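The following block contains the structure, expressed as structure tokens.
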Amino acid sequence: MIGIDKINFFTPNTYIDLVKLATYRGVDPDKYTIGIGQSKMAVPTITQDTVSMGANAAFPILEKKDLTAIDLVVVGTETGIDESKSAAAFIHQLLGIHPFAKSIEIKQACYGATAGLMMARDFVKTHPGRKALVIGSDISRYGLNTSGEVTQGAGAVAMLISENPRILAIEDTSIAMSENIFDFWRPNYSDTAIVDGKFSNEAYVKFFNLLWTKFTEETTYSLDDISAFCFHLPYTKMGKKALLPLLENESAGVKEKLLAHYDLSTEYTRNIGNIYTGSLYLSFMSLLDNQTTSLKPNDLIAFFSYGSGAVGEIFSGRLIEGYEKHLDTANHKDMLTDRYDLSIEEYETIFNKEIPKTDGIHSLDEEKYEKGTFYLSHISNHQRHYEKRQ
Ligand code: CAA
């Protein structure tokens, strides 16, 4: 049995309230909070990037014995900080993982962490007793005053994959599909994404339907067997657009169970926004942290991963007895309640700040706003340098 042994997330300390943003943009706040389904949006300072957020997500869950057992580190991201050197190379060093580990980065839009998870599962299968660290870390940016603005966000998840996992056993049920489409993309020369919003919604729902049909054919699972769905959530209404049509002819019991669990799985995204690669696994943590007694050991969870461009995958996993003892629920909740509430002016200033691109040494100081354990401290002749707060 192989799966998720430990899991954690990190989101920057700074956010913008979306009622405040709607009012400033002259939009009915209900459009953001009900129509899109988002309340708060994480806005990272320049000192929190893909590397620091990934390290901040992984650091609290790794013990000394893990650092010597991890032979593979995979970072899924579509917010790479370098076209050549991987974020994983930095994270491997920041976390103090032993030198004989393979540390790489994977890109396929929001699907990257799922690719990493499947690679990690296969790796552990062929390397008994060894472990793999999978991270999804991203900053979602469409630009100020764009229709995608309200669906931005930032954060990272980290998952330790091992034999005899303590949270979720991943089943051999996965079905994936790919299609070359332009629903959402980001050319190398742009630091904001280009999106065909309506088409991206349609592509997401189409992928879900095709994958679900094939998944049920190949596994013989039906909705009766599934305790909860976890979705990639670009915004909290999106997963519901895929789920609701599936429930139309189902019993009241099935509808009630899946919709109640759906709501629990969206709580963190509603307050953070889209974190791209980590989003699906943030939904999973939100579900586990916010339910009280409705999920039992051996319950079946279905996961829908979607990365524009596009690749999708549905897979399933079973909860392990005692899983609730291995979650960091209190810290997750504290992280969200203790954040700095930005004014509109602060939000736009932070959003527009850029990494210095000239020769020389550039110190970055955002002490007023952020308190991540790891942070980007300076750029020295085009090299990124990170430090650890004590
Ligand atoms: N009160 C309540 N609801 C309201 C409202 C009001 N006053 N005003 C509007 N609404 C509702 C609308 O009826 C609509 O609901 P439905 O979707 O159920 O029809 C919803 O609010 C959104 O309104 P619009 O469609 O008019 O919104 P928009 O044109 O401004 O764009 C968006 C919405 C397409 C999601 C846009 O924010 C966007 O492009 N976001 C980025 C792309 C994205 O997230 N795509 C998702 C699939 S792609 C993917 O999954 C990969 C990824 O991570 C990016």
Side-chain angles (χ1 to χ4, degrees), residues 16 18-19 21-39 41-42 50 76-79 107-115 136-157 177-187 190-211 229-245 262 265-266 268-270 272-283 303-314:
I16 184 80
L18 292 176
V19 171
L21 184 62
T23 309
Y24 181 69
R25 295 274 181 251
V27 172
D28 179 353
D30 286 354
K31 173 173 177 183
Y32 288 2
T33 57
I34 300 167
I36 302 273
Q38 293 300 121
S39 299
M41 185 172 89
T50 303
T77 185
E78 52 179 308
T79 325
K107 176 178 70 185
Q108 175 34 60
C110 306
Y111 173 75
T114 302
S137 182
D138 275 297
I139 298 168
S140 164
R141 280 169 72 88
Y142 297 93
L144 300 176
N145 219 348
T146 60
S147 69
E149 180 180 33
V150 62
T151 64
Q152 300 175 130
V157 301
M177 65 174 282
S178 306
E179 195 182 337
N180 181 15
I181 55 172
F182 277 99
D183 57 333
F184 164 107
W185 67 103
R186 183 164 70 83
S190 176
D191 79 340
T192 51
I194 303 174
V195 63
D196 184 341
K198 300 290 175 220
F199 178 51
S200 72
N201 287 352
E202 285 162 21
Y204 177 108
V205 173
K206 179 180 120 177
F207 267 63
F208 176 73
N209 286 334
L210 290 172
L211 285 165
F229 272 97
C230 290
F231 285 88
H232 163 60
L233 291 174
Y235 54 96
T236 69
K237 180 96 140 328
M238 188 68 241
K240 220 170 196 168
K241 283 179 191 275
L243 182 59
L244 281 180
Y262 178 81
S265 77
T266 59
Y268 287 163
T269 297
R270 175 178 284 281
I272 292 174
N274 192 358
I275 64 164
Y276 289 162
T277 48
S279 169
L280 170 60
Y281 306 97
L282 185 67
S283 305
F303 294 82
F304 173 55
S305 183
Y306 178 75
S308 292
V311 176
E313 182 161 343
I314 292 187

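Atoms within each ligand, like the ligands themselves, are counted from 1 in listed order. What you see is a predicted model, and the numbers here were worked out from it, not measured in a lab. Each residue takes its place number in the sequence, starting with 1.
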Flag, side chain of Asp183 to backbone of Gly197, donor-acceptor distance under 3.5 Å: no
Give me the residue, atom name and distance of the protein heavy atom closest to atom 15 (O) of ligand 1. Lys237 NZ, 3.1 Å
Nearest-contact summary for atom 51 (C) of ligand 1 - protein heavy atom, Å: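 It is Ser308 OG, 3.2 Å.
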Closest protein heavy atom (residue, atom, distance) for atom 3 (N) of ligand 1: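 Minimum-distance protein heavy atom for atom 3 (N) of ligand 1 reads Gly35 CA, 3.4 Å.
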Output the list of atoms in ligand 1 that are nearer than 4.0 Å to some heavy atom of Tyr142, sorted by atom number.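 In order of numbering, the contacting atoms are 41 (C), 42 (C), 54 (C).
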Under 4.0 Å from ligand 1, counting heavy atoms only, is it the side chain of Ser147, its backbone, both or neither? both
Among all protein heavy atoms, pick out the one at the shortest distance from atom 22 (C) of ligand 1; state its residue, atom name and that distance to 0.1 Å. Ile36 CD1, 3.8 Å
Closest protein heavy atom to atom 16 (P) of ligand 1, given as residue, atom name and distance to 0.1 Å: Lys241 NZ, 3.3 Å
Which of the listed options, Gln152, His232, Lys240, holds the heavy atom that is closest to atom 52 (C) of ligand 1?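 Of the listed residues, His232 has the closest heavy atom.
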Quiz question for you: does at least one protein heavy atom lie closer than 4.0 Å to atom 13 (O) of ligand 1?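 When distances to the protein are checked, atom 13 (O) of ligand 1 has no heavy atom within 4.0 Å.
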Residue pair Ala154 / Ala42: nearest heavy atoms and the distance that separates them: O-CB, 3.6 Å
Can you check atom 32 (C) of ligand 1: any protein non-hydrogen atom closer than 4.0 Å? no
Which heavy-atom pair separates Thr79 from Ser137 by the least distance, and what is that distance?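 Looks like OG1-O, 4.4 Å.
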Got the closest protein heavy atom to atom 46 (C) of ligand 1, with its distance?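 Here the closest protein heavy atom is Asn201 OD1, 3.4 Å.
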So which protein heavy atom does atom 35 (C) of ligand 1 come closest to, and at what separation?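 Among all protein heavy atoms, the one nearest atom 35 (C) of ligand 1 is Tyr235 CE2, 3.4 Å.
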If every non-hydrogen atom of Pro245 is compared with every non-hydrogen atom of Lys240, which pair is closest and at what distance? CD-O, 4.2 Å
Using atom types as modelled and distance alone, determine if a side-chain donor or acceptor of Asp138 lies under 3.5 Å from a backbone N or O of Glu78.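 A pair under 3.5 Å: yes.
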Contact (N/O only, under 3.5 Å) between Asp183 and ligand 1: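 No, Asp183 has no N/O under 3.5 Å of an N/O on ligand 1.
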With respect to atom 34 (C) of ligand 1, which of Pro234, Gly197, Ser200 exhibits the smallest heavy-atom separation? Gly197
Tell me the nearest of Ala109, Gly307, Gly239, Gly148 to atom 38 (C) of ligand 1, using heavy-atom distances. Gly148
Gln38 (side chain) donor-acceptor with Thr269 (main chain) under 3.5 angstrom: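 Side chain of Gln38 to backbone of Thr269, a donor-acceptor pair under 3.5 Å: yes, one is there.
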I'd like to know if Lys198 contacts ligand 1, where contact means a heavy-atom distance under 4.0 Å to any ligand atom.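 Contact check Lys198 vs ligand 1: positive.
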Residues Phe304, Tyr204; criterion ring-ring contact (aromatic ring centres under 6.0 Å, His included); working and verdict: CA-CA 10 Å; Phe304 173 55; Tyr204 177 108; 5.1 Å; yes
Ignoring hydrogens and geometry, is there a side-chain-to-backbone donor-acceptor pair from Glu313 to Thr114 under 3.5 Å?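 Here the side-chain-to-backbone pair does not exist.
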Quiz question: by atom type and distance under 3.5 Å, do the side chains of Tyr24 and Asn145 form a donor-acceptor pair?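 Side chains of Tyr24 and Asn145: no pair found under 3.5 Å.
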Main-chain N/O of Arg270 paired with Thr236 side-chain donor or acceptor, under 3.5 Å: no
Candidate list Tyr306, Tyr281, Phe303, Phe208, test ring pair (Phe, Tyr, Trp, His ring centres under 6.0 Å), partner Phe231, passing option: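 Option passing the ring pair (Phe, Tyr, Trp, His ring centres under 6.0 Å) with Phe231: Phe208.
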Contact (N/O only, under 3.5 Å) between Asp28 and ligand 1: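 Yes; at least one N/O pair falls below 3.5 Å.
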Region of Asp30 engaging ligand 1 - heavy atom pairs below 4.0 Å: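 Asp30 to ligand 1: contacts from backbone and side chain alike.
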Could you tell me which non-hydrogen atom of Thr277 sits nearest to which non-hydrogen atom of Ala109, and how far apart they are?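 Reported closest heavy-atom pair: CG2-O, 3.4 Å.
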If you scan protein heavy atoms around atom 28 (P) of ligand 1, the nearest is Lys31 NZ, 3.7 Å
